[in-house]
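The structure appears below as structure tokens.
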2 protein chains.
Amino acid sequence: MRVRLKDIAKDLNLSKMTISKVLRGQTDISDETKARVLKRVKELKYIPNISASSLRTGQTKTMGLVLPSIGKPHLSAIVDGIRHAAGAQGYGLIVSPSQEDAEYEQRQIEVFLSLQVDALLIVSLQETTTFFEQMQRSKSIPLVFVDHRPAGIMQNYVGLHDVEVGRIACEHLIHCACKRIAYLRGPRTAAADMRAKGYRQALNEHGLAVQSDLVVESMHPEESEYRRGYEATVRLLQRRGRPDGVMAYSDMMAVGAMDAAISQAVRIPEEMCFVGCGDDALLCSMRIPLTSINIAGRELGLKAGQLALAAIGGGNGSRPQRILIKPRLVRRKSSDGHC
Amino acid sequence: MRVRLKDIAKDLNLSKMTISKVLRGQTDISDETKARVLKRVKELKYIPNISASSLRTGQTKTMGLVLPSIGKPHLSAIVDGIRHAAGAQGYGLIVSPSQEDAEYEQRQIEVFLSLQVDALLIVSLQETTTFFEQMQRSKSIPLVFVDHRPAGIMQNYVGLHDVEVGRIACEHLIHCACKRIAYLRGPRTAAADMRAKGYRQALNEHGLAVQSDLVVESMHPEESEYRRGYEATVRLLQRRGRPDGVMAYSDMMAVGAMDAAISQAVRIPEEMCFVGCGDDALLCSMRIPLTSINIAGRELGLKAGQLALAAIGGGNGSRPQRILIKPRLVRRKSSDGHC
DNA sequence: ATCCCAACAGTTTACGGTATCGTTCAAGCG
DNA sequence: CGCTTGAACGATACCGTAAACTGTTGGGAT
């Protein structure tokens with residue numbers, strides 16, 4: 001059987017209340033008793049029972065994070081940030097993958113609610129929002145959306161400044177002397193739209209025309225990102241006016257695009273420049289290191305965690321916010337030909 | 001405030017005991033009352049408080065999984081398998097990344113213990129085992145090691161049959177008519193040793209000599225796997241007797257190795273065949289699809305989950321086991337030249 | 001000497017759910 | 001008609017912890 005407060009108390013001839021007080025740092029215990037207790041607690045490897053504590057206090061000092069998959073590298077940094085924010089305040093973090101399944105996502109959220117987590121962070125791919133809206137209204141616990149924002153959710157969101165992503169990528173290509181810049185837009189999401197907006201803004205600001213035929217969408221959404229980038233680029237290269245710069249929605253698409261160009265004997269970066277997004281550590285060490293938009297995932301997670309903690313803390317300066325993280329360009333060989 | 005049993009009871013003029021019984025499927029409640037309760041429970045969106053339940057029953061119907069990182073794609077399938085096993089028995093699963101940090105790993109385990117999970121599954125990169133041994137001895141809750149096995153831990157382990165991995169990869173290259181087969185061994189782990197063993201076995205069985213200079217270790221362990229595969233292969237190609245087959249510890253190393261060969265104008269698979277390990281979905285769609293050893297991650301997770309559940313269940317046919325999953329070869333272009 | 005108040009420790013009660021046993025009441029039986 | 005029986009539901013105690021309160025010292029101020 002596990003060690004309980006009572007056991008330690010009996011062992012030291014104290015009441016369990018005294019042990020509890022020591023462990024929670026109450027001040028009305030003599031230093032000597034404190035030391036004795038702490039020593040025995042360590043010896044017996046006492047681990048507090050959060051269930052019991054939570055029952056009494058209504059708090060578990062634990063936050064829950066639901067994310068679509070544990071296989072995505074860029075989520076790792078975000079989780080790290082959240083964990084760091086949580087740890088700094090003595091909070092634990094537990095995670096649950098939803099396997100990109102809406103129904104399962106709901107079940108996981110319920111598991112977390114059953115476990116009485118103090119706040120819920122959600123990276124959701126869902127576009128339907130009724131479930132979340134209900135939760136927000138019921139005000140059971142703070143809800144923070146991370147990285148992805150279901151349509152309709154405007155508050156308690158920490159994500160990427162997608163307009164800036166589009167603008168920075170495009171601006172960089174313009175500085176690389178690219179005149180015809182293509183945008184391989186990814187999924188049909190609000191984020192991709194925002195980036196398209198930044199892309200157009202950058203073109204406009206530099207007096208370049210926006211040519212809608214250079215914004216290409218994938219034909220086969222079920223294909224891998226690599227394939228989709230590859231095929232889209234093959235199509236671009238078959239047309240008359242070849243692009244001389246390509247920005248892709250993701251790194252994987254950019255790599256596919258580069259391989260397509262290489263297969264057509266296009267020289268990179270002399271004839272064509274490429275910019276990805278995500279700054280995936282795996283990909284930057286490939287043959288032609290890819291210029292990419294770095295998403296400060298750790299910072300993103302940190303802010304999200306802090307937002308959640310502030311919301312737990314209550315009203316004191318914690319009204320619903322919307323935080324957008326500014327991206328950062330990382331120059332590599334795929335675009336530094338004519339910079 | 002959250003809905004409690006008491007609220008539902010008051011609402012229906014019943015005692016909370018009755019509600020509890022209905023929800024746990026006790027039989028001494030009339031069908032009519034049952035229906036009334038269930039209806040109201042759904043309407044009020046009652047979510048049980050596991051904390052309270054666990055306090056009384058000693059169970060949370062929840063398992064905890066600690067893994068080094070959430071960024072590794074191959075862990076995704078494993079988690080999915082565990083979750084499936086858990087779900088089938090009405091168990092929840094919560095996950096926690098340790099960020100490959102031993103100290104943090106311990107803290108996460110303690111968080112799980114505080115939350116009173118019924119079993120703990122661990123994917124640990126740690127080689128030191130004292131902490132785990134202590135836990136196993138103290139017999140607080142079942143402990144199952146998944147995918148990686150800390151040295152010294154022999155029981156309750158579900159992992160990959162690494163000897164088979166080495167053998168199958170090597171045998172395949174032999175069938176591809178390769179005569180000089182190199183093994184790019186990865187980290188200095190027991191797993192890499194086991195694969196080397198399988199590699200030697202396969203060579204012996206087919207009457208090929210084991211040449212120790214064809215088993216190469218990385219010079220720069222801090223580099224990315226891609227780079228390490230690349231550089232190791234460059235070195236191999238500089239020697240007199242070039243290998244005509246290469247098996248790598250991981251897919252990423254294999255891709256690096258292939259790129260090195262390509263950069264030296266070696267034709268793949270005509271002049272040189274490559275086999276990776278992991279069967280990463282991202283990589284199989286690259287220019288030269290990579291033959292790889294598929295690890296049935298989902299099955300692995302499933303077995304691990306079942307093992308944990310059996311251990312929770314108690315003595316009935318659940319003594320400590322050691323389960324090794326057989327790998328499977330997936331042939332692709334990187335090796336099908338002379339098959 | 002008396003009172004008061006730190007400083008310290010113990011008691012009581014409550015959290016939300018569940019195991020166990022008890023109660024009620026109508027039906028069935030000899 | 002008294003008794004048993006059993007279905008349907010309720011009362012109580014308890015799980016491990018914590019808040020709020022109650023005691024018990026002993027020492028300094030009055």
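Each chain gets a letter, A, B and so on, in the order the sequences are listed, and its residues count up from 1.
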**Asked** Of the nucleotides D:dC9, C:dG17, D:dG16, which has the atom closest to the B:Ser30 side chain?
**Response** D:dC9

**Fill in**
In short, salt bridge (charged side-chain N to carboxylate O under 4.0 Å, His left out) pairs touching residues 47-73 of chain A with sequence neighbours left out are A:Lys72-A:Glu100

**Asked** Taking C-beta and beyond as the side chain, do A:Tyr104 and B:Arg83 meet within less than 4.5 Å on heavy atoms?
**Response** yes

**Prompt:** Is it true that B:Asp7 and B:Lys10 have a side-chain N and a carboxylate O under 4.0 angstrom from each other?
**Reply:** no

**Message:** Just to verify, what does A:Arg298 make a salt bridge (Lys or Arg N to Asp or Glu O under 4.0 Å) with, not counting sequence neighbours?
**Reply:** A:Asp80

**Item:** B:Thr57 (side chain) donor-acceptor with B:Ser53 (main chain) under 3.5 angstrom
**Value:** yes

**Message:** Quick check against the 3.5 Å criterion: does B:Asp118 have a side-chain atom that pairs as donor or acceptor with the backbone of B:Met63?
**Reply:** no

**Request:** Using atom CD of B:Gln26 as one end and atom C1' of C:dG17 as the other, report the distance to the nearest whole Å.
**Result:** 13 Å

**Prompt:** For D:dA18, does either OP1 or OP2 sit under 4.0 Å from a side-chain N or O belonging to A:Ser53?
**Reply:** yes

**Terminal axes of the helix from C:dA1-D:dT30 to C:dG30-D:dC1 (five pairs each): angle between them, nearest 10 degrees** = 60°

**Asked** Rounded to the nearest Å, what distance is computed from the CG atom of residue A:Leu23 to the P atom of nucleotide D:dG16?
**Response** 16 Å

**Request:** Tell me, please, which residues at least two apart from A:Arg107 pass salt bridge (Lys or Arg N to Asp or Glu O under 4.0 Å).
**Result:** A:Glu103

**Asked** Closest nucleotide of DNA chain D for B:Thr57 versus for B:Ile29: which of these residues is on the 5' side?
**Response** B:Ile29

**Prompt:** For D:dT17, does either OP1 or OP2 sit under 4.0 Å from a side-chain N or O belonging to A:Tyr46?
**Reply:** yes

**Whole-Å gap separating C1' (D:dA8) and CD (B:Glu32)** = 12 Å

**d(CD1, A:Ile8; P, D:dA18) in whole Å** = 12 Å

**Item:** Gap between atoms CG and P, on A:Leu12 and C:dA9 respectively (whole Å)
**Value:** 11 Å

**Asked** Between A:Ile47 (CD1) and D:dT17 (C1'), how many Å, whole number?
**Response** 16 Å

**Fill in**
Out of C:dA19, C:dA9, D:dT17, minimum distance to the side chain of B:Arg24 belongs to C:dA19

**Request:** Could you grab the distance from atom CG of A:Leu307 to atom CG of A:Leu121, nearest 0.5 Å is fine?
**Result:** 8.5 Å

**Request:** Just grab all the salt bridge (charged side-chain N to carboxylate O under 4.0 Å, His left out) pairs involving residues 142-160 of chain A, residues at least two apart or on different chains.
**Result:** none

Sort me out a list of protein N/O and nucleotides 10-13 of chain D N/O pairs below 3.5 Å, or just none if empty.
| from | atom 1 | to | atom 2 | distance (Å) |
| --- | --- | --- | --- | --- |
| D:dG10 | OP1 | B:Ser15 | N | 3.4 |
| D:dG10 | OP2 | B:Ser15 | N | 2.9 |
| D:dG10 | OP2 | B:Ser15 | OG | 3.1 |
| D:dG10 | OP2 | B:Thr18 | OG1 | 2.3 |
| D:dG10 | O6 | B:Lys21 | NZ | 2.6 |

**Request:** Using whole Å, report how far CG of A:Leu55 lies from C1' of C:dC15.
**Result:** 4 Å

**Request:** Have a look at B:Ser51 and say if it touches a base, only the backbone sugar-phosphate, or nothing, with a 4.0 Å heavy-atom cut-off.
**Result:** nothing

**Prompt:** Between A:Ile50 (CD1) and D:dG16 (P), how many Å, whole number?
**Reply:** 16 Å

